[in-house]
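Worksheet: one structure, shown below.
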Amino acid sequence: MASLLLKNAEVVLTMDDARREIPYGGVFIRDGVIEAVGATAELPATADETIDLAGHVLMPGLINTHHHMYQSLTRALPAAQDAELFDWLSALYPVWAGLTPEMLHVSALTAMAELILSGCTTSSDHLYIYPGACRLDDTIEAAAAIGMRFTASRGSMSVGRSQGGLPPDHVVEREEAILRDTRRLVEQYHDASRHSMLQIAVAPCSPFSVSRALMRESAALARSYGVRLHTHLAENVKDVAYSREQFGMTPAEYAESLGWTGPDVWHAHCVQLDAPGIARFAHSGTGVAHCPCSNMRLASGIAPIPQMLAAGVPVGLGVDGSASNDGAHLLGEARQAMLLARVGHGPAALSARQALEIATRGGARVLGRDDIGALAAGMSADCVAFPLDGPGMAGGAVHDPVASLVFCTPPAARWSVIGGRVVVREGQIATLDLPRVLERHNRLARDLARAA
């Protein structure tokens, strides 16, 4: 069995049950699983490969609970730069109608590379538009190629404008085809085992783009297979107004009425989740993917994250789509989560360590994983190391290297290990010819915009 020793880190932020922070520590890994965590002197002295992490913070890989990776092709499009959610979507739906399988694959590689370089080791992706021959398989293959732990969410839209929905009719699917393909994906790809690298979630897009029947049937399908449920909810005031007008309920009431609450469900955004909704989510164990940059970019508001945490709602971090952020630096997202909470709720609303906990343990809980999000014996060997030697960390790293990861300019990961495999080595993706992928990505982005 292959072994890997990470040693001499300035501090190991374990995020274990005791929240230990170990000075001059490390992690010993065997066959993709953590075998020991502790001071370097207490760990085995040799391994098949040894990496010296002097001058680094070593911590669990960050976990991204909400993304739309294909949107990296449509970043900063002029028509969608200054719009709130509904107008932004209306401007971009016609562009996304031109997506091809190659575009999905290359955009996923690009998005995953960006995430991994920011310290992310596990990501979900919510793909809900399938023009032509596009399939979720195109992104699944990208995750396997780059080596990212992946929750692929089979999204869907079935209610077009002619039926009172937001998307144009030509980008929605028939509901029987959605359910049939979802079953295929779960049966073909979902791996429920511990340390799984790939899981499938069932993810109708939103209350304004799918029917009540599809929401109910999707929940029944997911639970028959034991997979998770995901959708958007209460993202902005228009979203809430639509729910009240169409269904006579708040978004949280609507979700509950359809069986969309429980420990196997997580909702993206929830910016406008009210106090009764927070109580419903806390009581049922329903998770939330918090996406602060996107919520600011689209002027959706400030999510009540401190109130959710105080109530016991599971909260993870998400970068959201690459056209509504328009970045995917997950450590930077943790920083924004801390800052935005303070803007809305006061200077002590969210600490640096709380922000990092949301991005690790919180994300693991939201995705239903008990094998990632912390460094401890028996956990999956997903570890990242951030350097403390750059100008952005100068001074802060002397006083509190852990908090400095969030308070200071977020560094890129210098090392990343996913499932015991070194995926980032000395700041470079080791599993991908990234310059070649980016060149192709930019050509495809131009082609997509021209076609629209």
Legend entry - Pairwise distance CD1(I429) to CD1(I146) - rounded to 0.5 angstrom: 4.5 Å

Legend entry - Interatomic spacing from CD1 in I63 to CG in L330 - rounded to 0.5 Å: 9.0 Å

Legend entry - Counterpart residues, side chain to side chain contact (heavy atoms under 4.5 Å, CB included), relative to S124 (two or more places apart): T151, W266, L367

Legend entry - Any pair counted as salt bridge (charged side-chain N to carboxylate O under 4.0 Å, His left out), so long as it reaches residues 227-244, sequence neighbours left out: E84-K238

Inset, instruction - For E217, check salt bridge (charged side-chain N to carboxylate O under 4.0 Å, His left out) against everything at least two apart and list the hits. - result: none

Legend entry - I116 side chain near T121 side chain, heavy-atom distance below 4.5 Å: no

Legend entry - Backbone N/O of G396 and side chain of S404: donor-acceptor pair under 3.5 Å: yes

Inset, instruction - Evaluate the side-chain proximity of P207 to S243: yes if any heavy-atom separation is below 4.5 Å, no if none is. - result: no

Inset, instruction - Would you indicate whether the side-chain heavy atoms of L127 and S153 approach each other to under 4.5 Å? - result: no

Inset, instruction - Check whether any side-chain heavy atom of W96 lies under 4.5 Å from a side-chain heavy atom of P131, and answer yes or no. - result: no

Legend entry - Evaluation steps, side-chain contact (heavy atoms from CB on, under 4.5 Å), between F386 and M59: CA-CA 8 Å; F386 292 104; M59 65 176 294; 3.8 Å; yes

Inset, instruction - With sequence neighbours excluded, tell me which residues meet ring pair (Phe, Tyr, Trp, His ring centres under 6.0 Å) with F86. - result: F208

Inset, instruction - Provide the closest heavy-atom pair for S90 versus P94 in the form atom of the first, atom of the second, distance. - result: O-CD, 3.3 Å

Legend entry - Separation of S107 OG from Y70 OH (nearest 0.5 Å): 9.5 Å

Legend entry - Carboxylate-amine/guanidinium proximity below 4.0 Å for R149 and D382: yes

Inset, instruction - Show your working on side-chain hydrogen bond (donor to acceptor under 3.5 Å, both in side chains) between E175 and S211 and close with a plain yes or no. - result: CA-CA 9 Å; E175 295 188 353; S211 71; 2.6 Å; yes

Legend entry - Set of residues satisfying side chain to side chain contact (heavy atoms under 4.5 Å, CB included) with respect to A220, sequence neighbours excluded: none

Legend entry - Verdict with reasoning, T250 to Y254, per side-chain contact (heavy atoms from CB on, under 4.5 Å): CA-CA 6 Å; T250 67; Y254 179 66; over 6 Å; no

Inset, instruction - Only pairs at least two apart or in different chains count here, so list each ring-ring contact (aromatic ring centres under 6.0 Å, His included) that has a residue in residues 278-331. - result: H267-F281

Legend entry - salt_bridge(D138, R135) N-O dist < 4.0 Å: no

Inset, instruction - Would you indicate whether the side-chain heavy atoms of Q163 and V159 approach each other to under 4.5 Å? - result: yes

Legend entry - Counterpart residues, salt bridge (charged side-chain N to carboxylate O under 4.0 Å, His left out), relative to R19 (two or more places apart): E357

Legend entry - salt bridge (charged side-chain N to carboxylate O under 4.0 Å, His left out) partners for R183, two or more places apart: none

Legend entry - Under 3.5 Å donor-acceptor, S158 side chain and R174 backbone: no

Inset, instruction - Please determine if E187 and R154 form a salt bridge, counting it only when a charged side-chain N lies under 4.0 Å from a carboxylate O. - result: no

Legend entry - Separation between CD1 of I358 and CE of M338, rounded to the nearest 0.5 Å: 11.5 Å

Legend entry - Heavy-atom closest pair, residues S123 and M148: CB-SD, 3.7 Å

In residues 303-317, what donor-acceptor pairs under 3.5 Å come from side-chain atoms, sequence neighbours left out?
none

Legend entry - Modelled atom types, side-chain donor and acceptor of S322 and D326, under 3.5 Å: no

Inset, instruction - Show the numbers, then the answer: is there a side-chain contact (heavy atoms from CB on, under 4.5 Å) between V423 and W415? - result: CA-CA 8 Å; V423 174; W415 295 90; over 6 Å; no

Legend entry - Heavy-atom check, side chain of Q81 versus side chain of P78, under 4.5 Å: yes

Legend entry - Partner of E439 by side chain to side chain donor-acceptor pair (under 3.5 Å), out of R443, R436, H441: R443

Legend entry - Side-chain donor-acceptor pair present, H269, N295, cut-off under 3.5 Å: yes

Legend entry - Distance (rounded to the nearest 0.5 Å) between I372 CD1 and M379 CE: 7.5 Å

Inset, instruction - Test side-chain contact (heavy atoms from CB on, under 4.5 Å) on V384 and L58 and set out the steps. - result: CA-CA 6 Å; V384 293; L58 178 63; over 6 Å; no

Legend entry - More than 12 heavy atoms of other groups within 6.0 Å of E426 CD: yes

Legend entry - Within-4.5 Å side-chain heavy-atom neighbours: Y130 and S156: no

Legend entry - R184 to Y189, cation-pi by 6.0 Å centre distance and 45° axis angle: no

Legend entry - Ion pair check, E114 and R75, cut-off under 4.0 Å: yes

Legend entry - Partners passing side chain to side chain contact (heavy atoms under 4.5 Å, CB included) against D389 (at least two apart in sequence or in another chain): P387, R414

Legend entry - Smallest separation among heavy atoms of A323 and L92, with atom names: CB-CD1, 4.3 Å

Legend entry - Taking every non-hydrogen atom, the tightest pair across H190 and G226: NE2-O, 4.5 Å

Legend entry - Sub-4.5 Å side-chain heavy-atom contact between M157 and I178: no

Legend entry - Under 3.5 Å side-chain donor-acceptor pair for N236 and S300: no

Inset, instruction - Of all the heavy-atom pairs spanning G147 and R421, show the shortest one and how long it is. - result: CA-NH1, 3.8 Å

Legend entry - Donor-acceptor pair between S380 and H195 side chains, under 3.5 angstrom: yes

Legend entry - Donor-acceptor contact present, side-chain T231 to main-chain C205, <3.5 Å: yes

Legend entry - D370 and R365 ion-paired at < 4.0 Å: no

Inset, instruction - Ignoring hydrogens and angles, state whether a donor on the side chain of N325 or E333 is under 3.5 Å from an acceptor on the partner side chain. - result: yes

Legend entry - side chain to side chain donor-acceptor pair (under 3.5 Å) against H232, all qualifying residues, sequence neighbours excluded: H66, H68

Legend entry - A108: side chain to side chain contact (heavy atoms under 4.5 Å, CB included) partners, not counting sequence neighbours: M69, M112, T139, A142

Legend entry - Salt bridge present between D400 and R353 (N-O < 4.0 angstrom): yes

Inset, instruction - Indicate the atoms forming the closest heavy-atom contact of A252 with G277, along with that distance. - result: CB-CA, 3.7 Å

Inset, instruction - First locate atom CD1 of I302, then atom CZ of R342, and finally report the distance between them rounded to the nearest 0.5 Å. - result: 14.0 Å

